[in-house]
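Have a look at the structure below, then the notes.
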2 protein chains.
Amino acid sequence: MALTTRQFEILTFIQEWIRERGFPPSHGDVAERFGFNRNAAREHLLALARKGEIELSPNDARGIRVLKDASGPRQFELPLFGNIAAGAPLTAPENAQEWLRIDPDLFRPRADFLHRVSGDSMVDAGILDGDLVGIHHQSEAANGDIIAACLLDRRTGYESITLKRYRRRGRQVSLIAENPRYAPIEIDLAKDEAAQELPAFRIAGVMVGLFRTGRPK
Amino acid sequence: MALTTRQFEILTFIQEWIRERGFPPSHGDVAERFGFNRNAAREHLLALARKGEIELSPNDARGIRVLKDASGPRQFELPLFGNIAAGAPLTAPENAQEWLRIDPDLFRPRADFLHRVSGDSMVDAGILDGDLVGIHHQSEAANGDIIAACLLDRRTGYESITLKRYRRRGRQVSLIAENPRYAPIEIDLAKDEAAQELPAFRIAGVMVGLFRTGRPK
DNA sequence: CTCAGTGCTGTGCAAATGCACAGTATCCAA
DNA sequence: TTGGATACTGTGCATTTGCACAGCACTGAG
């Protein structure tokens with residue numbers, strides 16, 4: 001759920017406080033910083049907890065745990081991208097939904113970002129609904145690679161990422177699902193370029209790994 | 001300055017508390033854990049502060065900052081275990097083949113170690129040969145869980161870990177592959193115990209996630 | 001033998017703290 | 001127009017918590 005500006009300010013304050021002192025602020029500390037009542041601080045914390053940003057431990061002084069830490073060392077972390085509105089560069093670090101502490105160099109070649117798979121179109125490649133796939137940023141791919149394909153809907157202006165196996169013959173590109181129940185997506189690059197607009201298809205990168213969390217179904 | 005065993009215990013407790021809850025323990029929490037007086041806890045904290053292990057923020061509830069984190073860069077890493085010779089505790093941190101920089105808390109519940117899958121017996125669960133599965137350490141499992149089963153070969157004395165779906169009816173345990181080409185492994189717990197030796201079967205933990213690296217085949 | 005350090009019990013207190021309850025005002029969507 | 005979410009003020013209370021002071025027992029160094 002989206003945060004209000006005030007809530008975001010308070011979350012940032014809590015993160016900075018913890019980074020500087022090693023323990024979370026109390027309600028009073030938050031209230032003092034922003035110049036309002038202790039109970040107002042409490043309600044902000046409850047709101048942040050409702051929205052899943054923090055976790056509160058009842059009756060414990062300073063019982064705050066920040067769940068999604070935006071700060072900290074980004075060195076061994078990977079950004080997770082969802083589908084974002086047109087224009088916005090899909091894989092710009094500042095548009096990350098979340099940063100996960102996974103060393104990008106564990107993948108080979110190195111992963112640049114993660115993408116959440118939705119749907120079961122790649123089950124036969126061992127890629128399930130909800131899995132996070134590691135993507136190495138590159139604009140070309142070899143036949144047989146599984147790629148993160150970036151598709152632009154020219155009418156709505158929305159970009160979306162899909163994971164498919166890539167196959168190209170001349171100017172004809174096929175995006176093939178690893179599930180017999182799904183038909184391939186066919187793209188004619190010649191036609192695509194002739195449109196003289198933004199290309200409707202581009203390669204965001206190739207899949208270099210996968211991360212799955214949770215008990216299996 | 002060197003720590004006493006008691007002080008080391010308390011420091012470790014504080015580190016674990018923070019890792020699990022995101023904020024430090026109070027004097028009372030420490031006292032309760034070790035079964036002594038709140039003031040005894042306070043004096044231990046003062047001693048740890050004198051010795052430079054922690055920093056105390058006066059008058060602040062839970063005002064503890066751990067300065068030298070003994071777990072160090074290991075905080076966001078996971079050990080990978082292979083199959084090890086008999087006797088050696090399979091999942092003791094010092095027996096790790098490798099440490100991978102993946103935040104254990106990304107898994108739910110938290111992963112304690114990774115295990116490399118060999119073979120294609122779990123393909124239908126989206127688990128491929130060479131995948132690393134995250135395992136949460138626990139000695140019991142629910143029916144349907146995918147578990148890391150620890151099997152001991154009594155003749156050779158070798159222990160090995162296999163990943164299988166767990167199903168138990170009374171004293172009869174079935175370890176089921178997710179691939180029709182493999183037959184389930186059947187274990188009779190009654191017979192197992194009657195052997196009056198080390199149990200041939202135990203649950204090392206339950207699968208809580210998966211990590212795969214490399215371009216798909 | 002003495003003294004410092006460790007490792008506790010026990011009591012008491014003031015301040016810090018979480019939390020419940022009662023209001024007020026604004027905005028926005030149904 | 002009503003209801004819910006946001007964003008506060010203000011009061012009061014029971015606990016939690018840090019902290020101080022008074023002891024006791026043990027150990028190891030000088």
Side-chain angles (χ1 to χ4, degrees), chain A residues 1-68 70 85 97, chain B residues 1-68 70:
Chain A
M1 213 188 306
L3 296 183
T4 66
T5 40
R6 199 54 157 166
Q7 287 165 357
F8 184 78
E9 278 176 9
I10 288 160
L11 181 61
T12 305
F13 167 68
I14 294 170
Q15 289 169 344
E16 280 175 8
W17 178 291
I18 293 175
R19 189 146 36 82
E20 281 166 21
R21 318 197 190 202
F23 56 90
S26 66
H27 296 180
D29 294 326
V30 177
E32 193 184 356
R33 159 66 179 76
F34 289 95
F36 50 53
N37 196 282
R38 273 168 52 212
N39 196 52
R42 176 161 204 272
E43 283 175 354
H44 277 300
L45 294 182
L46 289 173
L48 286 170
R50 259 200 317 278
K51 296 187 174 179
E53 296 292 333
I54 62 174
E55 203 175 83
L56 294 177
S57 179
N59 295 310
D60 283 332
R62 303 170 194 271
I64 302 172
R65 139 167 275 168
V66 177
L67 296 174
K68 309 166 187 170
Q97 279 182 0
Chain B
M1 215 188 305
L3 297 182
T4 66
T5 39
R6 199 53 156 164
Q7 287 165 356
F8 184 78
E9 276 177 10
I10 288 160
L11 182 60
T12 306
F13 167 69
I14 295 170
Q15 289 168 343
E16 278 175 11
W17 179 290
I18 294 175
R19 186 154 42 81
E20 280 166 21
R21 318 199 190 202
F23 56 90
S26 66
H27 296 181
D29 295 325
V30 176
E32 193 184 355
R33 160 64 180 77
F34 290 95
F36 49 54
N37 196 281
R38 272 168 53 214
N39 196 52
R42 175 159 205 270
E43 284 174 354
H44 278 299
L45 293 182
L46 290 173
L48 285 170
R50 260 199 318 276
K51 297 188 175 180
E53 296 292 333
I54 62 174
E55 200 177 85
L56 293 176
S57 178
N59 296 310
D60 283 331
R62 302 170 196 272
I64 303 172
R65 139 168 274 169
V66 177
L67 296 175
K68 310 168 190 167

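Every chain is numbered from 1, with letters handed out A, B, ... down the list of sequences.
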Hey, are the side chains of B/L56 and B/L48 touching, using non-hydrogen atoms and a 4.5 Å cut-off? no
Phosphate OP1/OP2 of C/dG18: any A/R38 side-chain N/O under 4.0 Å: no
Taking only side-chain nitrogens and oxygens of A/S26, does any of them come within less than 4.0 Å of OP1 or OP2 of C/dT17? yes
Does C/dG18 have OP1 or OP2 under 4.0 Å away from a side-chain N or O of A/H27? yes
Distance check: side-chain N/O of B/R42 vs OP1/OP2 of D/dC21, anything under 4.0 Å? no
Classify the side chain of B/N59 and the base of D/dG18 as holding, or not holding, a donor-acceptor pair under 3.5 Å. no
Would you say A/R6 places a side-chain N or O within less than 4.0 Å of OP1 or OP2 belonging to D/dC8? yes
Return yes if the base of D/dG18 and the side-chain atoms of B/D60 contain a donor-acceptor N/O pair under 3.5 Å, otherwise no. no
Considering just the side-chain nitrogens and oxygens of B/H44, establish if one lies under 4.0 Å of OP1 or OP2 belonging to C/dC8. yes
Is the shortest side-chain N to carboxylate O distance from A/R21 to B/D60 below 4.0 Å? no
Expressed as a whole number of angstroms, how long is the span from A/L3:CG to D/dA5:P? 16 Å
B/E32 CD: over 12 foreign heavy atoms closer than 6.0 Å: no
For B/Q7 and C/dG7, is the shortest distance between a side-chain N/O and OP1 or OP2 below 4.0 Å? yes
Integer-rounded Å distance: D/dC13 P and A/N39 CG: 16 Å
Identify each donor-acceptor pair in which a side-chain atom of residues 34-45 of chain A lies under 3.5 Å from a protein atom, sequence neighbours left out, and give them as a table.
| residue | atom | partner | partner atom | Å |
| --- | --- | --- | --- | --- |
| A/N37 | OD1 | A/N39 | N | 2.7 |

OP1 or OP2 of C/dG5 under 4.0 Å from side-chain N/O of B/K51: no
When you check the phosphate oxygens OP1 and OP2 of D/dA7, does a side-chain N or O of A/T4 lie under 4.0 Å from one of them? yes
